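Note on naming: letters A, B, ... go to the chains in the order of the sequence lines (proteins, then strands), and numbering restarts at 1 for each one. A quick note: this is a predicted structure, and the numbers were derived from the prediction, not measured.
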2 protein chains.
Amino acid sequence: MNNLDESLLANIPPFRKLQLGQIREILDCATPKRFEVGTSVFEEGLDADRFYLLLDGHIRVIRTTPDGEQVTALYISSGQLFGIAAALGRSQYPATALTADECLTLSWPTRLWQDFVTKYDGFATESYKVVGARVDEMNNRIVEMATQQVEQRVACALLRLVNQAGKKVSHGVEIDFPITRQNISEMTGTTLHTVSRLLSAWEKSGIVASERRKIVVTNPHQLVLLSGT
Amino acid sequence: MNNLDESLLANIPPFRKLQLGQIREILDCATPKRFEVGTSVFEEGLDADRFYLLLDGHIRVIRTTPDGEQVTALYISSGQLFGIAAALGRSQYPATALTADECLTLSWPTRLWQDFVTKYDGFATESYKVVGARVDEMNNRIVEMATQQVEQRVACALLRLVNQAGKKVSHGVEIDFPITRQNISEMTGTTLHTVSRLLSAWEKSGIVASERRKIVVTNPHQLVLLSGT
DNA sequence: CGCCGTCTTGACTCGCCTCAACCTCGGTGG
DNA sequence: CCACCGAGGTTGAGGCGAGTCAAGACGGCG
């Protein structure tokens with residue numbers, strides 16, 4: 001029996017409506033785990049034997065093509081469920097989850113998913129809302145990739161990151177985990193070279209300020225204009 | 001009270017586990033409707049007041065960009081639920097559903113979704129499986145658009161159509177509803193010109209045979225090779 | 001200090017979009 | 001019955017966005 005604090009879950013949407021006793025039950029069967037930066041939580045194609053809640057850190061969900069290229073499907077920030085293949089009736093994970101920084105997770109065996117859904121009020125509804133949000137994001141990305149130029153796509157990607165994992169700093173909003181040009185190119189279907197050129201240009205215009213593995217958006221408004229939405 | 005036949009639903013996955021009496025209940029609150037080709041069943045952004053089952057025909061789900069371009073998110077074939085925004089906790093439709101040919105639908109008020117989920121065994125599970133399949137398809141398209149050239153993407157799109165709406169004919173497999181080069185370009189993020197050139201080339205190599213609004217894949221294997229998967 | 005991961009920048013190339021002209025087929029109305 | 005028209009399709013010419021190739025700088029870590 002582990003001694004996690006109930007406050008961990010109290011503000012996570014899928015658990016918000018629950019009483020302390022129920023949260024206790026849930027925590028008692030949860031397995032906490034810490035992951036180093038750059039390690040995988042689960043991998044594409046493997047049996048989806050557990051589902052996860054990200055307590056702290058950031059996760060990059062990627063798919064790998066037959067010829068070894070990586071494509072980032074989405075980013076997960078803390079407080080979100082992930083690896084919930086069970087919710088959509090799949091028995092394998094459809095993608096690989098890599099830690100973008102140091103991460104803290106809770107996880108449960110997949111067979112408990114059904115229990116949670118039936119036993120805990122609001123759990124299903126709230127969980128499916130996050131699925132809905134992700135479907136929406138994927139839809140938007142498809143539209144972007146189909147209609148927009150690289151510059152606009154990269155701008156959109158940066159804005160998404162800022163919204164999902166932005167931290168206010170003195171000169172703007174910083175993306176709150178280490179991120180490389182390569183990472184951004186994998187989100188937008190382009191090359192690290194092109195991303196580098198774009199960021200250089202934007203830095204000259206005062207839209208962003210970046211260092212190695214670090215990006216601060218200093219003029220979000222201008223970025224929105226570039227994104228063409 | 002309408003007099004639809006129970007056999008309509010008996011073989012649709014979400015209803016398969018139900019008893020005749022339950023199917024009767026469901027049919028009794030369903031509204032059947034016929035749509036002409038090229039009309040919209042529901043539109044992006046409107047309140048998702050109903051959810052649908054496609055009994056016959058084919059539906060094109062599209063999103064429109066701010067500047068009027070259309071992007072096809074997916075195709076729905078008969079026997080599938082669609083417009084199930086409710087399942088993911090959304091109150092508006094995220095896309096527009098256009099009929100690709102003449103269509104027959106059943107629909108129910110969205111407020112019944114919850115009833116169905118709680119009352120009918122297997123309904124939730126099977127419904128979420130179709131969501132899972134669509135998420136999977138979207139994921140694949142994102143990977144394609146991010147990594148593959150136009151020719152491969154168009155090949156993939158054709159193969160998907162053949163799998164989802166293929167009809168065996170003497171010389172191959174025909175896509176079972178009217179489809180234009182423009183439609184294909186909207187699925188793949190390219191232009192009708194490029195699609196036309198590709199189809200012409202493929203016709204010369206004996207991979208497809210096409211007429212106006214009609215495409216027959218005569219050599220699927222070759223197409224798979226081109227698709228690069 | 002040397003190595004590796006990250007980032008930058010120039011030069012070249014080419015896939016595909018754009019622009020443009022024209023063809024074919026069906027439907028419609030005079 | 002035929003002229004007309006619009007939707008769908010084809011094909012060529014040309015240009016540009018962005019990928020590829022290449023070389024090197026910078027910073028951190030063992």
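Across the protein-nucleic acid pair, Glu151(B) atom CD and dC17(C) atom P stand 13 Å apart, rounded to whole Å. Between the P atom of dA18(D) and the CD atom of Gln152(A) lies a distance of 9 Å, rounded to the nearest Å. Atom pair Ile184(B):CD1 and dG8(D):C1' shows a separation of 13 Å (rounding to whole Å applied). Here dA18(D) presents its P atom at 14 Å from CE of Met145(B), a figure rounded to the nearest Å.
To the nearest 0.5 Å, the span separating CG on Asn183(B) from CZ on Arg60(B) amounts to 4.0 Å. Rounding to the nearest 0.5 Å gives a distance of 8.0 Å between OG1 of Thr96(A) and CD of Gln70(A). If you take OG1 on Thr188(A) and CE on Met145(A), they are separated by 8.0 Å, rounding to the nearest 0.5 Å.
For the helix from dC1(C)-dG30(D) to dG30(C)-dC1(D), the terminal axes (five pairs an end, C1' atoms, rotation from four pairs onto the next four) enclose an angle of 30°, given to 10 degrees.
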Could you go through nucleotides 6-9 of chain C and list every protein N or O atom that sits under 3.5 Å from one of its N or O atoms, giving the distance for each pair?
{"unit_1": "dT6(C)", "atom_1": "OP1", "unit_2": "Arg213(A)", "atom_2": "NH2", "d": "2.9"}
{"unit_1": "dT6(C)", "atom_1": "O4'", "unit_2": "Arg212(A)", "atom_2": "NH2", "d": "3.3"}
{"unit_1": "dC7(C)", "atom_1": "OP1", "unit_2": "Arg213(A)", "atom_2": "N", "d": "2.8"}
{"unit_1": "dC7(C)", "atom_1": "OP2", "unit_2": "Arg181(A)", "atom_2": "N", "d": "3.0"}
{"unit_1": "dT8(C)", "atom_1": "OP2", "unit_2": "Arg181(A)", "atom_2": "NH1", "d": "3.0"}
{"unit_1": "dT8(C)", "atom_1": "OP2", "unit_2": "Ser196(A)", "atom_2": "OG", "d": "2.7"}
{"unit_1": "dT8(C)", "atom_1": "O5'", "unit_2": "Ser196(A)", "atom_2": "OG", "d": "3.4"}
{"unit_1": "dT9(C)", "atom_1": "OP2", "unit_2": "Ser200(A)", "atom_2": "OG", "d": "3.1"}
{"unit_1": "dT9(C)", "atom_1": "O4", "unit_2": "His193(A)", "atom_2": "ND1", "d": "3.2"}

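Within the 4.0 angstrom heavy-atom criterion, only backbone atoms of the sugar-phosphate kind lie near Gln149(A); the bases stay farther away.
Listed for the Ser77(A) side chain is no donor-acceptor partner under 3.5 Å among the backbone atoms of His58(A).
For Arg160(B) and Glu144(B), the salt-bridge test passes: some basic side-chain N is under 4.0 Å from an acidic carboxylate O.
Across all their heavy atoms, Arg63(A) and Ala95(A) have their closest contact at CG-CB, 3.9 Å.
By the side chain to side chain contact (heavy atoms under 4.5 Å, CB included) test, Glu151(B) pairs with Leu198(B), Trp202(B), Leu226(B), sequence neighbours left out. With sequence neighbours left out, the side chain to side chain contact (heavy atoms under 4.5 Å, CB included) criterion links Val130(B) to Ile84(B), Arg134(B).
Evaluation of the salt bridge (Lys or Arg N to Asp or Glu O under 4.0 Å) test over residues 172-182 of chain B, restricted to residues two or more places apart or in two chains, returns Lys167(B)-Asp176(B).
Separation of the Phe82(B) and Phe51(B) ring centroids does not fall under the 6.0 Å cut-off.
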Before giving the answer on side-chain contact (heavy atoms from CB on, under 4.5 Å), spell out for Thr65(A) and Val143(B) the whole-Å C-alpha distance, their side-chain angles and the decisive distance to 0.1 Å.
-> CA-CA 8 Å; Thr65(A) 64; Val143(B) 172; 3.6 Å; yes
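Shown for residues 66-75 of chain A: no residue has heavy atoms falling under 4.0 angstrom of DNA chain C.
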